[in-house]
Novice: 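Have a look at this one.
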Protein chains: 2
Amino acid sequence: MENQNISDIIESYLKQILAESQQVEIRRAEIANQFNVVPSQINYVIKTRFTIQDGYVVQSKRGGGGYIRIEKVKLLDNLDFIDSLVTAVGDQISRHDSLSVVRSLFEAGAINRSEANIILAAINKDAINTGDRQADEQIRAQILISILNHLRYES
Amino acid sequence: MENQNISDIIESYLKQILAESQQVEIRRAEIANQFNVVPSQINYVIKTRFTIQDGYVVQSKRGGGGYIRIEKVKLLDNLDFIDSLVTAVGDQISRHDSLSVVRSLFEAGAINRSEANIILAAINKDAINTGDRQADEQIRAQILISILNHLRYES
DNA sequence: ATAATATTAGTCAACATTAGTCAAGAACAC
DNA sequence: GTGTTCTTGACTAATGTTGACTAATATTAT
């Protein structure tokens, strides 16, 4: 309790609000000022303490009237399964292996047939074809991981 | 929620009218005056929030009795709907515009909410982020077109 | 009819206002 | 001492606001 750093304090402050509300919306500069830190520290707090693994989804907008909104989401009970697929995907993944990932999702009931087909359309060779095989495999991995992270929670 | 910028407020005002009516016709200077902004801000609002990707068609006339008319178009009436979106996507597309495309697909009934969310996960900035913005926009366009083509043959 | 003037909307670039990224150094835990 | 986490600030990016200038159309004067 005594040795809390400022990031922990900001985290507590936001989570306290989230305990009573489904979401919290802040102006970055305002919170930074309130806690007497530089604005980018708010990004640090969010990046390290409000991840999808923790059950939070973050949205933001820049410019006049800008904001950062943190939403608490209901995580599904497939987390271990998703984790294992995220690990399997890694930094890059071949087209062949990515088919297996999508098939696993379908067979596990995480997605239905038409959702599977959309994912396949998003990662097939018409969709991702930069001319550099390794680059393609990296992009495919990022897309799959983004989709897997989305499948962690109820939306 | 409280600190909406004026462009959002004008957008809401116009969409509120469009919720009850197929179209809205305004005099630019009048609306600008009503919301206490310069007239060109009305153009900004229309350009960023009432595009064809969003499902709106805008017509205007200058001179005495001039007007700006925003019409909500029924996308399903258009058999070439997918084609028009493919054209709108083009060789590259910004994240902002790609959101409009997905929203249009959803509002047209071509995809349901969870399919829309999967597509958004596939094209958001976590998914596509090579460090080269133009490259990202090109990849995003290819993925969207691949999905659009899939949807064309699916239905 | 034609030209001049008035009355609208359109474009564009400068400026303002937000948030995001990244890397260096400090503080901390072991 | 070493490795991790935290803090900071310079730089970048996205979005919104403003006003000077331009273009189109209508009205009025000749």
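Reminder, nothing fancy here: chain letters follow the sequence lines and each chain counts from 1.
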Novice: Quick one: salt bridge (charged side-chain N to carboxylate O under 4.0 Å, His left out) partners of A/E11, sequence neighbours excluded?
Specialist: A/K15, A/R49
Novice: Write down the distance between CD (B/Q41) and C1' (D/dT15), rounded to a whole number of angstrom.
Specialist: 11 Å
Novice: Per the atom types in the model, does the base of C/dG20 pair as donor or acceptor with the side chain of A/S40 at under 3.5 Å?
Specialist: no
Novice: In a check of side-chain contact (heavy atoms from CB on, under 4.5 Å) between B/V101 and each of B/I119, B/V89, B/I123, which one passes?
Specialist: B/V89
Novice: Take the protein atom CD of A/E11 and the nucleotide atom C1' of D/dT5, then report the distance between them rounded to whole Å.
Specialist: 13 Å
Novice: Say whether, by atom type as modelled, one donor and one acceptor occur between the side chain of B/N5 and the main chain of A/G64 under 3.5 angstrom.
Specialist: yes
Novice: Calculate the interatomic distance between A/N36 atom CG and D/dG9 atom P; express it in whole Å.
Specialist: 10 Å
Novice: What nucleotide, of C/dA19, D/dC6, C/dG10, holds the atom closest to the side chain of B/R28?
Specialist: C/dG10
Novice: C/dT18 phosphate, OP1 or OP2: any side-chain N/O from A/R27 under 4.0 angstrom?
Specialist: yes
Novice: For B/V45 and B/G63, find the nucleotide of DNA chain D closest to each by heavy atoms; which residue's nucleotide sits nearer the 5' end?
Specialist: B/V45
Novice: Apart from A/I9 itself, which Ile, Leu, Val, Met, Phe, Trp or Tyr residues share its cluster (side-chain heavy atoms under 4.5 Å, direct or through members)?
Specialist: A/I6, A/I10, A/Y13, A/L14, A/I17, A/L18, A/V24, A/I26, A/I31, A/F35, A/V37, A/I42, A/V45, A/I46, A/F50, A/Y56, A/V58, A/I68, A/I70
Novice: If I take atom CD1 in residue A/I70 and atom P in nucleotide C/dG20, what distance separates them, rounded to the nearest angstrom?
Specialist: 10 Å
Novice: Tell me which residues in residues 52-62 of chain A lie within less than 4.0 Å of DNA chain D, going by non-hydrogen atoms.
Specialist: A/K61, A/R62
Novice: Between P on C/dA16 and CD1 on B/I6, what's the gap in Å once rounded to a whole number?
Specialist: 19 Å
Novice: List in chain and number order the residues that pass side-chain hydrogen bond (donor to acceptor under 3.5 Å, both in side chains) with B/R103, two or more places apart in sequence or in another chain; answer none if no residue qualifies.
Specialist: B/D54
Novice: State whether B/R133 places a side-chain N or O below 4.0 Å from either non-bridging phosphate oxygen (OP1 or OP2) of D/dA14.
Specialist: yes
Novice: Report yes if a donor N or O on one partner sits less than 3.5 Å from an acceptor N or O on the other, where the partners are the side chain of B/S7 and the base of D/dG16; otherwise report no.
Specialist: no
Novice: Among the nucleotides D/dC6, C/dA19, D/dT8, which one has an atom lying closest to any side-chain atom of A/V38?
Specialist: D/dT8
Novice: Nearest-Å distance, CZ (B/R95) to C1' (D/dA13)?
Specialist: 11 Å
Novice: Quickly work out the A/I42 CD1 to C/dT18 P distance and round it to whole Å.
Specialist: 15 Å
Novice: Applying salt bridge (charged side-chain N to carboxylate O under 4.0 Å, His left out), can you list everything that pairs with A/R95, at least two apart in sequence or on another chain?
Specialist: none
Novice: Please compare B/K125 and B/G65 by the position of their nearest nucleotide in DNA chain C and report the one closer to 5'.
Specialist: B/G65
Novice: Just to verify, what does A/Q53 make a side-chain hydrogen bond (donor to acceptor under 3.5 Å, both in side chains) with, not counting sequence neighbours?
Specialist: A/T51
Novice: Can B/D97 and B/R140 be counted as an ion pair, charged N to O under 4.0 angstrom?
Specialist: no
Novice: Counting any heavy atom closer than 4.0 Å, what does B/R69 reach on the DNA or RNA strands: base, sugar-phosphate only, or nothing?
Specialist: nothing
Novice: Select base, sugar-phosphate, or nothing to describe what A/Y44 touches, counting heavy atoms under 4.0 Å on all strands.
Specialist: base
Novice: Between atom CG in B/N43 and atom C1' in D/dT18, what is the gap in whole Å?
Specialist: 13 Å
